[in-house]
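Numbered from 1 within each chain, the chains take letters A, B, ... in sequence-line order.
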Amino acid sequence: MPYAGGVPLETPFGTLYGTNITPHATTGIGRWSEPDFVRAMREGVDRNGKHLYPAFPYQHFTLLPDDELHALYAYVMTRTPVEYVPPANKLTFPFNIRPLLAVWNALYLRRHDHRPDPMQSAQWNRGAYLVQSLGHCGACHSPLNALGAEKRDDYLGGGYAEGWYAPPLDEKNPSPVPWTTQALAAYLRHGIAPQHAMAGGPMQGVVGGLAQASGEDVDAMAVYLVSLMGVSTPDREVRENQSLALANASRTDSATPAPSDARERLPSGASLYIGACASCHAEGRRASSGTALQLSLAVAVHEGDPSSLIRIIREGITAPEGERSRWMPAFAGALTDEQITALVTYLRTLAPEAPPWRNVSEQVAKARSSS
Amino acid sequence: MKLNVNDRAYDVDADPDTPLLYVLRDHLQLNGAKFGCGLGQCGACTVMVGGEAVFSCLVPIAVVGGRGVKTVEGLGTKQVPGPLQAAFIEEQAAQCGYCIPGMMMRAQALLEKNAAPTEAEIRTALMPNLCRCGTHMRIIRAVQRAAGSMKRGHSG
(Lines give C-alpha, C1' and ligand atoms only; values in the text may rest on other atoms or scores of the structure.)
Protein backbone atom coordinates (compact mmCIF):
# COMPACT_ATOMS: atom_id res chain seq x y z
CA MET A 1 0.00 0.00 0.00
CA PRO A 2 1.49 3.35 -0.96
CA TYR A 3 2.76 5.41 2.00
CA ALA A 4 1.65 2.80 4.56
CA GLY A 5 5.23 1.96 5.53
CA GLY A 6 6.87 -1.35 6.30
CA VAL A 7 9.56 -1.11 3.62
CA PRO A 8 12.79 -2.43 5.18
CA LEU A 9 15.99 -0.41 4.90
CA GLU A 10 19.25 -2.20 5.68
CA THR A 11 21.78 0.08 7.36
CA PRO A 12 25.15 -0.59 9.01
CA PHE A 13 23.31 -0.12 12.31
CA GLY A 14 20.49 -2.60 11.70
CA THR A 15 17.20 -2.71 9.84
CA LEU A 16 14.75 0.18 9.85
CA TYR A 17 11.18 -0.03 8.59
CA GLY A 18 9.41 2.86 6.90
CA THR A 19 6.62 4.30 9.04
CA ASN A 20 2.99 4.67 8.02
CA ILE A 21 2.53 8.23 6.70
CA THR A 22 -1.04 7.78 5.50
CA PRO A 23 -3.54 9.97 7.40
CA HIS A 24 -4.81 7.05 9.48
CA ALA A 25 -5.63 8.41 12.94
CA THR A 26 -3.95 5.76 15.09
CA THR A 27 -1.42 3.89 12.91
CA GLY A 28 -0.56 6.76 10.54
CA ILE A 29 -0.11 10.52 10.89
CA GLY A 30 -3.82 11.42 10.72
CA ARG A 31 -3.70 13.43 13.96
CA TRP A 32 -0.61 15.42 13.01
CA SER A 33 -1.09 19.16 12.64
CA GLU A 34 0.82 21.02 9.97
CA PRO A 35 3.35 22.36 12.51
CA ASP A 36 3.90 18.75 13.72
CA PHE A 37 4.60 17.72 10.13
CA VAL A 38 6.92 20.66 9.46
CA ARG A 39 8.88 19.93 12.64
CA ALA A 40 9.33 16.28 11.64
CA MET A 41 10.52 17.27 8.17
CA ARG A 42 13.00 19.87 9.42
CA GLU A 43 14.07 18.62 12.83
CA GLY A 44 13.55 14.86 12.69
CA VAL A 45 11.17 14.80 15.66
CA ASP A 46 7.76 13.12 15.55
CA ARG A 47 4.44 14.41 16.95
CA ASN A 48 5.19 12.98 20.40
CA GLY A 49 8.65 14.52 20.49
CA LYS A 50 10.41 11.23 19.73
CA HIS A 51 13.54 11.47 17.57
CA LEU A 52 13.33 9.97 14.07
CA TYR A 53 16.27 8.12 12.58
CA PRO A 54 18.25 10.06 9.95
CA ALA A 55 17.49 7.31 7.41
CA PHE A 56 14.46 9.57 7.07
CA PRO A 57 16.40 12.34 5.32
CA TYR A 58 15.23 15.34 7.34
CA GLN A 59 18.76 16.74 7.14
CA HIS A 60 18.05 17.24 3.41
CA PHE A 61 14.51 18.49 3.92
CA THR A 62 15.81 21.45 5.95
CA LEU A 63 16.26 23.09 2.55
CA LEU A 64 12.54 22.97 1.73
CA PRO A 65 10.80 26.35 1.85
CA ASP A 66 7.53 26.75 3.78
CA ASP A 67 5.30 26.63 0.71
CA GLU A 68 6.71 23.26 -0.41
CA LEU A 69 6.22 21.76 3.06
CA HIS A 70 2.67 23.11 3.02
CA ALA A 71 2.06 21.41 -0.34
CA LEU A 72 3.56 18.12 0.90
CA TYR A 73 1.39 18.21 4.01
CA ALA A 74 -1.69 18.77 1.87
CA TYR A 75 -0.67 15.86 -0.35
CA VAL A 76 0.01 13.25 2.32
CA MET A 77 -3.06 14.22 4.38
CA THR A 78 -5.32 13.60 1.38
CA ARG A 79 -4.06 10.05 0.69
CA THR A 80 -6.22 7.07 1.61
CA PRO A 81 -5.79 6.23 5.31
CA VAL A 82 -4.42 2.72 5.79
CA GLU A 83 -4.55 0.90 9.12
CA TYR A 84 -1.13 -0.73 9.31
CA VAL A 85 1.60 -0.97 11.92
CA PRO A 86 5.01 -1.64 10.34
CA PRO A 87 7.43 -4.11 11.98
CA ALA A 88 9.56 -2.78 14.83
CA ASN A 89 13.07 -1.59 13.90
CA LYS A 90 15.90 -4.03 14.56
CA LEU A 91 18.86 -1.89 15.54
CA THR A 92 22.03 -2.79 17.37
CA PHE A 93 23.05 -1.18 20.66
CA PRO A 94 23.56 1.77 21.15
CA PHE A 95 21.78 2.86 17.98
CA ASN A 96 18.47 1.57 19.35
CA ILE A 97 18.47 4.37 21.94
CA ARG A 98 16.55 7.16 20.29
CA PRO A 99 17.46 10.04 22.67
CA LEU A 100 21.08 9.70 21.51
CA LEU A 101 19.90 11.12 18.19
CA ALA A 102 19.78 14.51 19.90
CA VAL A 103 23.58 14.30 20.00
CA TRP A 104 23.67 13.29 16.34
CA ASN A 105 21.46 16.24 15.45
CA ALA A 106 23.61 18.63 17.44
CA LEU A 107 26.65 17.41 15.54
CA TYR A 108 25.28 17.11 12.03
CA LEU A 109 21.91 18.81 11.56
CA ARG A 110 22.12 22.25 9.98
CA ARG A 111 19.15 24.47 9.38
CA HIS A 112 19.84 26.35 6.19
CA ASP A 113 17.94 27.90 3.34
CA HIS A 114 18.79 27.18 -0.21
CA ARG A 115 20.79 30.08 -1.62
CA PRO A 116 20.91 30.20 -5.41
CA ASP A 117 24.31 30.75 -6.99
CA PRO A 118 23.97 33.98 -9.00
CA MET A 119 26.78 32.90 -11.34
CA GLN A 120 24.73 29.89 -12.52
CA SER A 121 21.60 29.56 -14.63
CA ALA A 122 18.12 29.25 -13.16
CA GLN A 123 18.03 25.65 -14.44
CA TRP A 124 21.30 24.79 -12.70
CA ASN A 125 20.05 26.32 -9.47
CA ARG A 126 16.79 24.41 -9.68
CA GLY A 127 18.78 21.21 -10.22
CA ALA A 128 21.08 21.97 -7.28
CA TYR A 129 18.07 22.54 -5.04
CA LEU A 130 16.36 19.29 -6.09
CA VAL A 131 19.51 17.15 -5.84
CA GLN A 132 20.34 18.50 -2.37
CA SER A 133 16.82 18.57 -0.92
CA LEU A 134 14.02 16.29 -2.14
CA GLY A 135 16.34 14.20 -4.32
CA HIS A 136 18.70 13.69 -1.35
CA CYS A 137 21.16 11.99 -3.72
CA GLY A 138 23.88 12.41 -1.10
CA ALA A 139 22.16 9.95 1.24
CA CYS A 140 23.64 7.14 -0.88
CA HIS A 141 26.19 8.84 -3.15
CA SER A 142 28.14 10.64 -0.40
CA PRO A 143 30.52 8.79 1.92
CA LEU A 144 29.25 8.49 5.49
CA ASN A 145 31.22 8.79 8.69
CA ALA A 146 31.14 6.16 11.46
CA LEU A 147 27.87 7.62 12.75
CA GLY A 148 26.13 7.52 9.40
CA ALA A 149 26.37 11.26 8.69
CA GLU A 150 27.41 12.45 5.24
CA LYS A 151 30.97 13.73 5.04
CA ARG A 152 30.55 17.38 4.10
CA ASP A 153 33.99 17.70 2.57
CA ASP A 154 33.35 14.88 0.08
CA TYR A 155 29.83 15.70 -1.10
CA LEU A 156 28.61 13.09 -3.66
CA GLY A 157 32.07 11.50 -3.49
CA GLY A 158 30.68 7.93 -3.59
CA GLY A 159 28.98 5.85 -0.92
CA TYR A 160 26.99 2.71 -0.22
CA ALA A 161 23.33 1.78 -0.29
CA GLU A 162 22.05 -1.57 0.95
CA GLY A 163 25.24 -3.36 -0.04
CA TRP A 164 25.54 -1.63 -3.43
CA TYR A 165 28.27 0.88 -4.24
CA ALA A 166 26.77 4.26 -5.17
CA PRO A 167 29.42 5.81 -7.44
CA PRO A 168 30.77 9.35 -7.06
CA LEU A 169 28.75 11.99 -8.89
CA ASP A 170 31.54 14.56 -8.75
CA GLU A 171 34.69 14.72 -10.89
CA LYS A 172 35.56 11.21 -9.63
CA ASN A 173 32.57 9.75 -11.52
CA PRO A 174 33.80 6.43 -12.95
CA SER A 175 31.46 6.12 -15.95
CA PRO A 176 33.62 5.07 -18.88
CA VAL A 177 31.69 7.20 -21.36
CA PRO A 178 31.22 10.61 -19.68
CA TRP A 179 27.66 11.60 -18.90
CA THR A 180 26.01 14.24 -21.01
CA THR A 181 23.02 16.19 -19.70
CA GLN A 182 20.78 14.47 -22.23
CA ALA A 183 21.97 10.95 -21.36
CA LEU A 184 21.76 11.55 -17.61
CA ALA A 185 18.25 12.97 -17.86
CA ALA A 186 17.17 9.90 -19.86
CA TYR A 187 18.79 7.61 -17.29
CA LEU A 188 17.15 9.33 -14.34
CA ARG A 189 13.74 9.17 -15.99
CA HIS A 190 13.88 5.73 -17.64
CA GLY A 191 16.76 3.87 -15.96
CA ILE A 192 18.46 3.36 -19.30
CA ALA A 193 20.52 5.61 -21.57
CA PRO A 194 22.78 4.98 -24.57
CA GLN A 195 26.29 3.75 -23.67
CA HIS A 196 25.47 3.53 -19.97
CA ALA A 197 24.49 0.56 -17.82
CA MET A 198 20.88 0.20 -16.70
CA ALA A 199 19.80 1.29 -13.24
CA GLY A 200 20.07 -1.57 -10.75
CA GLY A 201 19.73 -2.11 -7.01
CA PRO A 202 18.34 0.74 -4.93
CA MET A 203 18.60 3.11 -7.95
CA GLN A 204 15.62 1.30 -9.48
CA GLY A 205 13.29 2.79 -6.89
CA VAL A 206 14.76 6.24 -7.53
CA VAL A 207 14.08 5.90 -11.24
CA GLY A 208 10.54 4.73 -10.45
CA GLY A 209 10.00 7.93 -8.48
CA LEU A 210 11.64 10.25 -11.01
CA ALA A 211 9.50 8.80 -13.79
CA GLN A 212 6.67 10.71 -12.11
CA ALA A 213 8.62 13.97 -11.74
CA SER A 214 8.32 16.72 -14.33
CA GLY A 215 10.68 16.54 -17.29
CA GLU A 216 11.96 20.06 -16.56
CA ASP A 217 12.93 19.12 -13.03
CA VAL A 218 14.76 15.96 -14.11
CA ASP A 219 16.57 17.94 -16.83
CA ALA A 220 17.61 20.49 -14.20
CA MET A 221 19.00 17.75 -11.93
CA ALA A 222 20.99 16.37 -14.86
CA VAL A 223 22.40 19.83 -15.69
CA TYR A 224 23.57 20.30 -12.10
CA LEU A 225 25.03 16.79 -11.71
CA VAL A 226 26.90 16.87 -15.04
CA SER A 227 28.42 20.21 -14.01
CA LEU A 228 29.70 18.56 -10.81
CA MET A 229 31.38 15.84 -12.88
CA GLY A 230 33.34 18.58 -14.62
CA VAL A 231 35.02 18.75 -17.98
CA SER A 232 36.92 15.92 -19.60
CA THR A 233 40.52 15.20 -18.63
CA PRO A 234 43.25 13.22 -20.48
CA ASP A 235 42.76 10.30 -18.05
CA ARG A 236 39.06 10.20 -18.72
CA GLU A 237 39.62 10.30 -22.46
CA VAL A 238 41.96 7.30 -22.24
CA ARG A 239 39.34 5.42 -20.23
CA GLU A 240 36.60 6.31 -22.71
CA ASN A 241 38.64 5.31 -25.76
CA GLN A 242 39.76 2.02 -24.22
CA SER A 243 36.22 1.14 -23.17
CA LEU A 244 34.78 1.91 -26.59
CA ALA A 245 37.55 -0.06 -28.33
CA LEU A 246 36.87 -3.10 -26.10
CA ALA A 247 33.14 -2.78 -26.78
CA ASN A 248 33.80 -2.84 -30.52
CA ALA A 249 36.11 -5.84 -30.18
CA SER A 250 33.44 -7.64 -28.18
CA ARG A 251 30.95 -7.13 -31.00
CA THR A 252 33.12 -8.84 -33.58
CA ASP A 253 34.66 -11.58 -31.41
CA SER A 254 32.67 -12.53 -28.34
CA ALA A 255 35.49 -14.77 -27.10
CA THR A 256 37.93 -11.91 -26.54
CA PRO A 257 36.19 -8.92 -25.02
CA ALA A 258 39.06 -8.33 -22.60
CA PRO A 259 42.63 -7.22 -23.28
CA SER A 260 44.40 -10.03 -25.09
CA ASP A 261 46.28 -11.55 -22.16
CA ALA A 262 43.30 -11.70 -19.78
CA ARG A 263 41.89 -14.81 -21.38
CA GLU A 264 45.11 -16.75 -20.81
CA ARG A 265 45.63 -15.42 -17.29
CA LEU A 266 42.06 -15.95 -16.13
CA PRO A 267 40.71 -18.89 -18.15
CA SER A 268 37.88 -19.85 -15.78
CA GLY A 269 36.52 -16.31 -15.60
CA ALA A 270 36.78 -15.97 -19.37
CA SER A 271 34.95 -19.24 -19.88
CA LEU A 272 32.19 -18.14 -17.50
CA TYR A 273 31.83 -14.89 -19.41
CA ILE A 274 31.41 -16.75 -22.69
CA GLY A 275 28.93 -19.26 -21.29
CA ALA A 276 26.85 -17.06 -19.02
CA CYS A 277 27.20 -13.44 -20.21
CA ALA A 278 28.25 -13.21 -23.85
CA SER A 279 24.97 -14.31 -25.42
CA CYS A 280 23.48 -11.00 -24.27
CA HIS A 281 26.45 -8.72 -23.53
CA ALA A 282 28.80 -9.35 -26.46
CA GLU A 283 26.80 -7.67 -29.18
CA GLY A 284 25.70 -4.67 -27.23
CA ARG A 285 22.36 -3.02 -26.89
CA ARG A 286 20.06 -4.57 -29.46
CA ALA A 287 16.54 -5.94 -29.30
CA SER A 288 17.99 -9.43 -29.83
CA SER A 289 20.33 -9.03 -26.85
CA GLY A 290 17.70 -8.03 -24.33
CA THR A 291 19.22 -4.48 -24.46
CA ALA A 292 22.32 -5.68 -22.59
CA LEU A 293 25.38 -3.43 -22.79
CA GLN A 294 28.95 -4.47 -23.60
CA LEU A 295 30.54 -4.82 -20.19
CA SER A 296 33.52 -2.55 -20.85
CA LEU A 297 30.94 0.26 -20.94
CA ALA A 298 29.28 -0.81 -17.67
CA VAL A 299 30.18 1.49 -14.81
CA ALA A 300 30.23 -1.40 -12.31
CA VAL A 301 33.49 -2.81 -13.75
CA HIS A 302 35.20 0.61 -13.48
CA GLU A 303 34.25 1.36 -9.87
CA GLY A 304 36.70 1.36 -6.99
CA ASP A 305 34.71 -1.36 -5.25
CA PRO A 306 33.26 -4.61 -6.69
CA SER A 307 30.07 -4.55 -4.57
CA SER A 308 27.69 -3.44 -7.31
CA LEU A 309 29.08 -5.83 -9.92
CA ILE A 310 28.75 -8.73 -7.47
CA ARG A 311 25.23 -7.68 -6.50
CA ILE A 312 24.01 -7.31 -10.06
CA ILE A 313 25.42 -10.71 -11.06
CA ARG A 314 23.79 -12.34 -8.02
CA GLU A 315 20.47 -10.52 -8.01
CA GLY A 316 20.03 -9.34 -11.60
CA ILE A 317 17.53 -6.58 -12.25
CA THR A 318 13.88 -7.35 -11.63
CA ALA A 319 10.78 -5.23 -11.56
CA PRO A 320 8.79 -4.76 -8.38
CA GLU A 321 5.74 -7.02 -8.70
CA GLY A 322 3.24 -5.71 -11.20
CA GLU A 323 5.53 -3.00 -12.58
CA ARG A 324 7.43 -2.76 -15.83
CA SER A 325 11.17 -2.31 -15.70
CA ARG A 326 14.51 -3.25 -17.13
CA TRP A 327 15.56 -6.89 -16.75
CA MET A 328 18.61 -8.99 -16.14
CA PRO A 329 18.48 -12.58 -14.92
CA ALA A 330 19.87 -13.37 -11.46
CA PHE A 331 22.82 -15.78 -11.25
CA ALA A 332 22.96 -16.31 -7.47
CA GLY A 333 21.54 -19.83 -7.82
CA ALA A 334 23.52 -20.81 -10.91
CA LEU A 335 27.03 -19.69 -9.92
CA THR A 336 28.97 -20.66 -6.81
CA ASP A 337 30.89 -18.06 -4.79
CA GLU A 338 34.11 -19.28 -6.39
CA GLN A 339 32.67 -18.89 -9.88
CA ILE A 340 31.33 -15.40 -9.18
CA THR A 341 34.76 -14.44 -7.82
CA ALA A 342 36.46 -15.73 -10.99
CA LEU A 343 33.97 -13.96 -13.23
CA VAL A 344 34.23 -10.64 -11.37
CA THR A 345 38.04 -10.80 -11.42
CA TYR A 346 37.97 -11.41 -15.18
CA LEU A 347 35.44 -8.64 -15.84
CA ARG A 348 37.70 -6.17 -14.01
CA THR A 349 40.19 -6.55 -16.88
CA LEU A 350 37.61 -4.69 -19.00
CA ALA A 351 38.71 -1.60 -17.06
CA PRO A 352 42.43 -1.64 -17.93
CA GLU A 353 42.87 1.85 -16.47
CA ALA A 354 41.87 0.63 -13.00
CA PRO A 355 43.85 -1.53 -10.55
CA PRO A 356 42.58 -5.07 -9.89
CA TRP A 357 40.20 -5.46 -6.94
CA ARG A 358 41.88 -7.15 -3.99
CA ASN A 359 38.98 -8.32 -1.86
CA VAL A 360 36.63 -9.96 -4.37
CA SER A 361 36.09 -13.31 -2.63
CA GLU A 362 35.36 -11.62 0.72
CA GLN A 363 32.86 -9.30 -0.93
CA VAL A 364 31.20 -12.24 -2.71
CA ALA A 365 30.84 -14.09 0.60
CA LYS A 366 29.45 -10.94 2.20
CA ALA A 367 26.88 -10.49 -0.57
CA ARG A 368 25.72 -14.09 -0.11
CA SER A 369 25.39 -13.85 3.66
CA SER A 370 23.39 -10.61 3.47
CA SER A 371 20.86 -11.76 0.85
CA MET B 1 32.87 -33.39 -18.88
CA LYS B 2 31.07 -35.39 -16.19
CA LEU B 3 27.48 -34.53 -15.39
CA ASN B 4 24.97 -36.00 -13.00
CA VAL B 5 21.45 -35.59 -14.34
CA ASN B 6 18.39 -36.99 -12.60
CA ASP B 7 20.66 -39.16 -10.43
CA ARG B 8 22.38 -40.71 -13.42
CA ALA B 9 26.05 -40.11 -14.30
CA TYR B 10 26.95 -39.02 -17.82
CA ASP B 11 30.22 -38.36 -19.59
CA VAL B 12 29.65 -35.62 -22.14
CA ASP B 13 31.93 -34.65 -24.99
CA ALA B 14 31.29 -30.90 -25.23
CA ASP B 15 33.08 -27.58 -24.79
CA PRO B 16 33.08 -26.37 -21.15
CA ASP B 17 31.29 -23.17 -22.16
CA THR B 18 28.43 -25.01 -23.92
CA PRO B 19 25.10 -24.08 -22.31
CA LEU B 20 23.68 -26.86 -20.17
CA LEU B 21 20.44 -26.65 -22.17
CA TYR B 22 22.17 -27.72 -25.40
CA VAL B 23 23.87 -30.64 -23.67
CA LEU B 24 20.61 -31.81 -22.09
CA ARG B 25 18.72 -31.66 -25.38
CA ASP B 26 21.34 -32.51 -28.02
CA HIS B 27 23.64 -34.90 -26.15
CA LEU B 28 21.41 -36.55 -23.57
CA GLN B 29 18.10 -36.39 -25.50
CA LEU B 30 16.38 -34.94 -22.44
CA ASN B 31 14.04 -32.66 -24.37
CA GLY B 32 11.84 -31.50 -21.48
CA ALA B 33 13.70 -28.21 -21.01
CA LYS B 34 12.90 -25.90 -23.94
CA PHE B 35 14.81 -23.24 -25.83
CA GLY B 36 12.76 -20.06 -25.71
CA CYS B 37 14.85 -16.89 -25.89
CA GLY B 38 18.41 -17.93 -25.05
CA LEU B 39 18.70 -14.75 -22.95
CA GLY B 40 17.35 -15.79 -19.56
CA GLN B 41 14.19 -13.80 -20.17
CA CYS B 42 11.48 -16.46 -20.57
CA GLY B 43 12.26 -19.37 -18.25
CA ALA B 44 11.32 -22.17 -20.68
CA CYS B 45 14.79 -23.70 -20.16
CA THR B 46 14.58 -23.74 -16.35
CA VAL B 47 16.10 -26.80 -14.67
CA MET B 48 17.49 -27.36 -11.16
CA VAL B 49 21.23 -27.36 -10.41
CA GLY B 50 22.18 -28.25 -6.86
CA GLY B 51 18.62 -27.59 -5.71
CA GLU B 52 18.41 -24.10 -7.30
CA ALA B 53 16.26 -23.21 -10.30
CA VAL B 54 18.50 -21.87 -13.08
CA PHE B 55 18.16 -20.77 -16.70
CA SER B 56 19.97 -23.66 -18.40
CA CYS B 57 20.50 -21.55 -21.54
CA LEU B 58 22.83 -19.28 -19.52
CA VAL B 59 24.60 -21.94 -17.48
CA PRO B 60 27.75 -23.28 -19.15
CA ILE B 61 28.33 -26.93 -18.25
CA ALA B 62 31.69 -25.97 -16.72
CA VAL B 63 29.91 -24.33 -13.79
CA VAL B 64 27.77 -27.36 -12.91
CA GLY B 65 30.70 -29.31 -11.43
CA GLY B 66 29.60 -31.88 -8.89
CA ARG B 67 26.17 -30.34 -8.41
CA GLY B 68 23.32 -32.61 -9.46
CA VAL B 69 21.05 -31.50 -12.30
CA LYS B 70 17.34 -32.23 -12.15
CA THR B 71 15.05 -31.84 -15.17
CA VAL B 72 11.33 -32.36 -15.61
CA GLU B 73 12.09 -35.95 -16.66
CA GLY B 74 13.41 -36.47 -13.12
CA LEU B 75 10.07 -35.60 -11.49
CA GLY B 76 8.24 -38.75 -12.61
CA THR B 77 7.24 -40.83 -15.61
CA LYS B 78 4.30 -40.87 -17.96
CA GLN B 79 3.03 -43.97 -16.17
CA VAL B 80 3.76 -42.69 -12.66
CA PRO B 81 3.78 -38.87 -12.69
CA GLY B 82 5.32 -37.15 -9.69
CA PRO B 83 3.15 -35.02 -7.39
CA LEU B 84 3.90 -31.80 -9.24
CA GLN B 85 3.27 -33.36 -12.65
CA ALA B 86 0.05 -34.95 -11.41
CA ALA B 87 -1.12 -31.60 -10.03
CA PHE B 88 -0.47 -29.86 -13.36
CA ILE B 89 -2.52 -32.58 -15.09
CA GLU B 90 -5.34 -32.32 -12.52
CA GLU B 91 -5.51 -28.54 -12.94
CA GLN B 92 -5.05 -28.81 -16.72
CA ALA B 93 -2.42 -26.09 -16.31
CA ALA B 94 -0.90 -26.51 -19.77
CA GLN B 95 -2.30 -24.94 -22.90
CA CYS B 96 0.45 -25.11 -25.54
CA GLY B 97 2.73 -26.52 -22.84
CA TYR B 98 6.00 -24.95 -23.99
CA CYS B 99 6.63 -23.13 -20.70
CA ILE B 100 5.41 -25.92 -18.44
CA PRO B 101 8.63 -27.94 -17.87
CA GLY B 102 10.34 -24.70 -16.80
CA MET B 103 7.40 -23.70 -14.61
CA MET B 104 7.46 -27.13 -12.96
CA MET B 105 11.17 -27.01 -12.24
CA ARG B 106 10.99 -23.53 -10.72
CA ALA B 107 7.99 -24.67 -8.67
CA GLN B 108 9.85 -27.82 -7.60
CA ALA B 109 12.81 -25.73 -6.40
CA LEU B 110 10.38 -23.56 -4.44
CA LEU B 111 8.57 -26.52 -2.84
CA GLU B 112 11.83 -28.19 -1.83
CA LYS B 113 12.71 -25.06 0.16
CA ASN B 114 9.24 -24.04 1.27
CA ALA B 115 6.75 -26.89 1.55
CA ALA B 116 3.75 -24.62 2.16
CA PRO B 117 4.20 -21.41 0.13
CA THR B 118 1.57 -18.69 0.15
CA GLU B 119 0.07 -17.58 -3.14
CA ALA B 120 2.24 -14.44 -2.95
CA GLU B 121 5.36 -16.57 -2.49
CA ILE B 122 4.41 -18.72 -5.49
CA ARG B 123 3.88 -15.63 -7.64
CA THR B 124 7.22 -14.14 -6.59
CA ALA B 125 9.10 -17.39 -7.15
CA LEU B 126 7.60 -18.02 -10.61
CA MET B 127 8.01 -14.43 -11.77
CA PRO B 128 11.02 -15.14 -14.03
CA ASN B 129 8.99 -17.68 -16.04
CA LEU B 130 6.62 -16.47 -18.73
CA CYS B 131 3.52 -18.17 -20.20
CA ARG B 132 2.20 -16.63 -23.38
CA CYS B 133 -1.04 -18.64 -23.33
CA GLY B 134 -2.04 -17.04 -20.03
CA THR B 135 -2.50 -20.15 -17.90
CA HIS B 136 -0.96 -18.47 -14.86
CA MET B 137 -3.97 -18.88 -12.58
CA ARG B 138 -4.07 -22.62 -13.26
CA ILE B 139 -0.31 -22.89 -12.76
CA ILE B 140 -0.63 -21.24 -9.34
CA ARG B 141 -3.45 -23.63 -8.42
CA ALA B 142 -1.37 -26.60 -9.60
CA VAL B 143 1.56 -25.56 -7.41
CA GLN B 144 -0.78 -25.16 -4.43
CA ARG B 145 -2.30 -28.58 -5.14
CA ALA B 146 1.15 -30.17 -5.42
CA ALA B 147 2.20 -28.60 -2.10
CA GLY B 148 -0.87 -30.15 -0.50
CA SER B 149 -0.35 -33.60 -1.98
CA MET B 150 3.40 -33.61 -1.17
CA LYS B 151 2.50 -32.78 2.42
CA ARG B 152 0.09 -35.69 2.54
CA GLY B 153 2.86 -37.85 1.11
CA HIS B 154 1.20 -39.12 -2.04
CA SER B 155 0.76 -37.93 -5.58
CA GLY B 156 -2.39 -36.53 -7.18
Side-chain angles (χ1 to χ4, degrees), chain A residues 198 254-257 263 266-293 312-344 346 368 371, chain B residues 1 14-23 35-70 102 105-106 108-110 112-113 118-130 136 140:
Chain A
M198 297 187 288
S254 65
T256 56
R263 203 161 179 219
L266 302 163
S268 58
S271 174
L272 281 163
Y273 169 83
I274 295 164
C277 317
S279 55
C280 295
H281 285 283
E283 283 224 18
R285 195 163 270 162
R286 299 170 182 205
S288 61
S289 74
T291 69
L293 188 69
I312 206 158
I313 291 169
R314 285 182 49 81
E315 299 166 24
I317 298 175
T318 50
E321 187 170 326
E323 287 178 35
R324 290 179 292 180
S325 98
R326 304 141 304 279
W327 165 259
M328 170 176 150
F331 287 86
L335 303 178
T336 63
D337 283 9
E338 221 175 18
Q339 290 160 352
I340 293 177
T341 302
L343 178 58
V344 166
Y346 173 75
R368 178 172 299 275
S371 63
Chain B
M1 299 289 298
D15 251 17
D17 46 37
T18 311
L20 175 61
L21 176 66
Y22 300 179
V23 170
F35 182 93
C37 64
L39 302 169
Q41 294 193 351
C42 75
C45 68
T46 305
V47 302
M48 286 166 66
V49 173
E52 300 278 350
V54 303
F55 299 118
S56 63
C57 73
L58 295 181
V59 170
I61 51 170
V63 318
V64 176
R67 292 183 285 171
V69 178
K70 194 188 267 188
M105 295 320 292
R106 199 167 291 276
Q108 179 73 21
L110 170 67
E112 286 184 15
K113 285 185 184 159
T118 62
E119 184 181 329
E121 286 168 336
I122 296 171
R123 283 170 180 263
T124 303
L126 295 186
M127 202 193 59
N129 290 44
L130 307 181
H136 304 84
I140 292 167

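The closest side-chain heavy-atom distance from B:L58 to A:F331 is below 4.5 Å. Looking at B:P128 and A:W327, their side chains come closer than 4.5 Å, going by heavy atoms from C-beta outward.
At most 12 non-hydrogen atoms from other residues, nucleotides or ligands lie less than 6.0 angstrom from CD of A:E338.
Interface residues of residues 61-68 of chain B toward chain A, defined by a heavy-atom distance below 4.5 Å and sorted by number: B:A62, B:V63, B:R67.
Nearest heavy-atom pair, B:G38 versus A:S279, reported as atom, atom and distance to 0.1 Å: O-OG, 3.7 Å. The heavy-atom pair separating B:V59 from A:A334 by the smallest distance is CG2-CB, 3.7 Å.
A distance of 12.5 Å separates CE in A:M328 from CG in B:L39, rounded to the nearest 0.5 Å. Residue A:T336 holds its OG1 atom at 11.5 Å from CD of B:E52, rounded to the nearest 0.5 Å.
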